[in-house]
Structures are given as C-alpha cells and as structure tokens.
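Here the structure is laid out as structure tokens; the discussion comes afterwards.
A note on names: the letters A, B, ... follow the listed sequences, proteins ahead of strands, and every chain is numbered from 1. Just so it is clear, the values below take in all heavy atoms, side chains as well, and ignore hydrogens, waters and symmetry mates.
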Number of protein chains: 2
Amino acid sequence: MDPLGFEHHDHRRCVATALAAAQAHCARHRLNLTPVRRRVLELLLEGHRAMGAYDILDHLREEGLGAQPPVAYRALDFLVSHGFAHKIERLNAFIACTDPETVHTPAFLICRGCHAVAEAQAEPTRGMLGRAAAEAGFEIEQAMIEALGRCPNCREGEAAPCA
Amino acid sequence: MDPLGFEHHDHRRCVATALAAAQAHCARHRLNLTPVRRRVLELLLEGHRAMGAYDILDHLREEGLGAQPPVAYRALDFLVSHGFAHKIERLNAFIACTDPETVHTPAFLICRGCHAVAEAQAEPTRGMLGRAAAEAGFEIEQAMIEALGRCPNCREGEAAPCA
DNA sequence: CTCCATATGTTATAATATAATATCTGCGGC
DNA sequence: GCCGCAGATATTATATTATAACATATGGAG
C-alpha cells in the first residue's frame, strides 16, 4: 500500500518487502528479530489494520508460538520500541509502521466506517500545538495524533440521499 | 492553575467558577446535571489532573454516591459527551475541560515528570495533518492530540549538570 | 394516576495489560 | 569444555479498564 493512503495495492508483495526490510534493519542494528517477533510483525503487516494484542495472541497460540498475554505484549513492545509498529491508543490496538526507516511523528487517520487506519506524517512542534507548548514552556518529546473520520471508500457509499 | 498552563493559581476559586458555569450551561441547554454528575465534575476540577475512572469511583463510594463501575463511567460519559471533560487516551484517564463553552479540538500536554496535564488549542484540519488527510480524501471528524514531555516546573529541576 | 423517558443501582463479566518468577539459549571468557 | 551472564521465553497469577444486561427509581406529560 501507499504509506499514506487507503488505496488498494499488491498486498502480498508489500508484506514481503516490509518484512525483508525489517530483517535487514535488525541485522544492521544488531537487533534480535526472533521468530515470535518476526511473526507478530508479519501478522500486523498481513492484517494491514490495527490489531489487538489478543487478536495477535490468538494467532500465536494456534501456531504454537506462545499462549499467554506476555508473549504477545513483549513482541509488540519490541516492535513498537524499535519503530516497526505503532500503538493506536484510541483503539487499544497495534499496526505495522509504514516507514520504519524514517524517524517520524506518525499521525493516524482512523476510518470509523471500515476501521482502516492510514499513517500520515505530522510535525507537532510546528503549528498551533508547537506554539502553545512553547508559550507554556513545555518541551514536547513525543506526540500522539489520531484522527477519526471517514476514508474515501466509505464516504462514497454514503453522501446526501436527500432530494 | 491557569486553564492553559502549568502555573499556580487560586484553585478553590477556579473550581467554584467552573462548576457554576457548568451548572448554568446545563440549565440553558436543558441538561440534567445530577448530583453524581456534578460531583464527578467537581472531583475532576478539584483534582486538576487526569483521574482514572476507578479513582473517581473510590471517592463516590466513600461518599455513598455509587459503588459500581458503571456509576462512574456513566457520569464520565455524560461529562465527556457534553464537553465538560475530556478523556486522555494515553492515560486511560479523564480531565475537566478548561473551556467547555468553546467548541474546540483540544490538545493535551502531558508532563511525564509530575503528570500534570495542560489543555491547549489545536487545529487539526490545518497544517501537515490536514494536508495529508485532504490528499488521501479522508474527512477528519474528530482528532485527538496528546503530547508527552516535560512541563516548565519539571524542566527546572533537571537541566544539564555537565561542566 | 399512568406512562414514559431518563437516570441510577447491581451483578456479572469482558477486554486490556502487567508483575513476578522460573526456564531456556547462545555466547564470550577462561 | 563449561561457567556465567544477558537476553529471550514461558507460565501463573492478577491488576486495571470497561461494558453488557437487567432491575429499580424518579419526575414530568398527558
């Protein structure tokens, strides 16, 4: 998929590419992409949507990769802390990062129709928020930006039926 | 404290003022500010920080206003849905709104030192996020912006000790 | 007074997350 | 080799956050 959007795409290929990239990144940075961690990332990439820790755990359990919550949470912690995945606080769910190589402040566009989630770039230290923080003397270290709304696909299906 | 900041202030007075304003607002809009709802708002205003639903519930229980989770959650739902309070997703906690009369997109500055939370104004449909959404054809209906960092008071206590 | 809408009370349980402890595994040093 | 350590995993138990479902009360409209 396009990292910014809701468009259709060659999904099998994007999973394989992202997984290979993650593996390469881990090799370069001496990170240990263990089978569980790798599989969780793969599940997130395949799902291509926000998945709960217990959704993940169900898959792991079926595959004999672990049956208890900490297994899923530890793998997710690893992925999140190294930028391979993000947590969507609004949904208590996790999603694969669309661009792990770039340090960025992600913003998420969450469709309330189909529950798809797109990742966008944000720049919290600019704009009104940055100004307000600067005025208050607050130092922003990390920001979470999640927008709820309608994706283009879901907007098509509704529209004004009046008249 | 000033509604937008981390400054000290006449707290007793700000609680009373906000509570009176809420009461007036409810009267004008035919909203039912029942004792539990009113007390929960007062607790949030007094606490002047993000409080968990179960923190609230503890107080209610002590005061004989309700002992089960739904009591707290229902009151919080009322307050949030009418703009008297906000939920901080990042903390799974709730905080009194500093400006219920103005329709706004709040952004929160959460201090990781003292856990104070300040409310700022944001404008999600402008800036990078708005542009990204527009490009993707996504319609933002609601946004949640939560920044983690250090408030001015906590920044003072640290600072570079080198040299 | 009755009906109805709204609010409250209560029980039970769902969903999300972590603490604490034990075990395993690979690997550098000796 | 094998000791000891660091990181990873496994398991048990429990904490924390949230809601479903249903029963009861309360106050105003007709």
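Under 4.0 angstrom from either OP1 or OP2 of C:dA17 there lies at least one side-chain N or O belonging to A:K87. Within the structure, every side-chain polar atom (N or O) of A:Y73 is placed at least 4.0 Å from both OP1 and OP2 of C:dT18. Residue B:R74 places none of its side-chain N or O atoms closer than 4.0 Å to OP1 or OP2 of C:dT8. Between B:N92 and D:dT16 there is no side-chain polar atom (N or O) within less than 4.0 angstrom of OP1 or OP2.
By the stacking rule of 5.5 Å between ring centres and under 30° between planes, B:Y54 stacks on the base of D:dT17.
Residue A:P69 places its side chain closer to C:dT18 than to any other of D:dA8, C:dT18, C:dA7. Nearest to the side-chain atoms of A:N32 among the listed nucleotides D:dT9, D:dT11, D:dA8 stands D:dA8. Closest approach to the A:F94 side chain among C:dA17, C:dT11, C:dG9 is made by C:dA17 (side chain taken as heavy atoms from C-beta onward).
Between A:E46 and A:R39 there is a salt bridge, since a side-chain N of the basic residue sits under 4.0 Å from a carboxylate O of the acidic one. Using a cut-off of 4.0 Å between Lys/Arg side-chain N and Asp/Glu carboxylate O, A:D58 and A:R61 are scored as salt-bridged.
One can place CE of B:M51 at 16 Å from P of D:dT16, the figure rounded to the nearest angstrom. For the pair B:R90 CZ and D:dT16 P, the interatomic distance rounds to 19 Å; values are reported in whole Å.
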Run the side-chain contact (heavy atoms from CB on, under 4.5 Å) test on A:F108 and A:I95 for me, step by step, so that the C-alpha distance in whole Å, both residues' side-chain angles and the decisive distance to 0.1 Å come before the verdict. CA-CA 10 Å; A:F108 299 99; A:I95 193 164; 4.2 Å; yes
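For B:Q68 and A:L65, each mapped to the nucleotide of DNA chain D holding its nearest heavy atom, the one lying further toward the 5' end belongs to A:L65.
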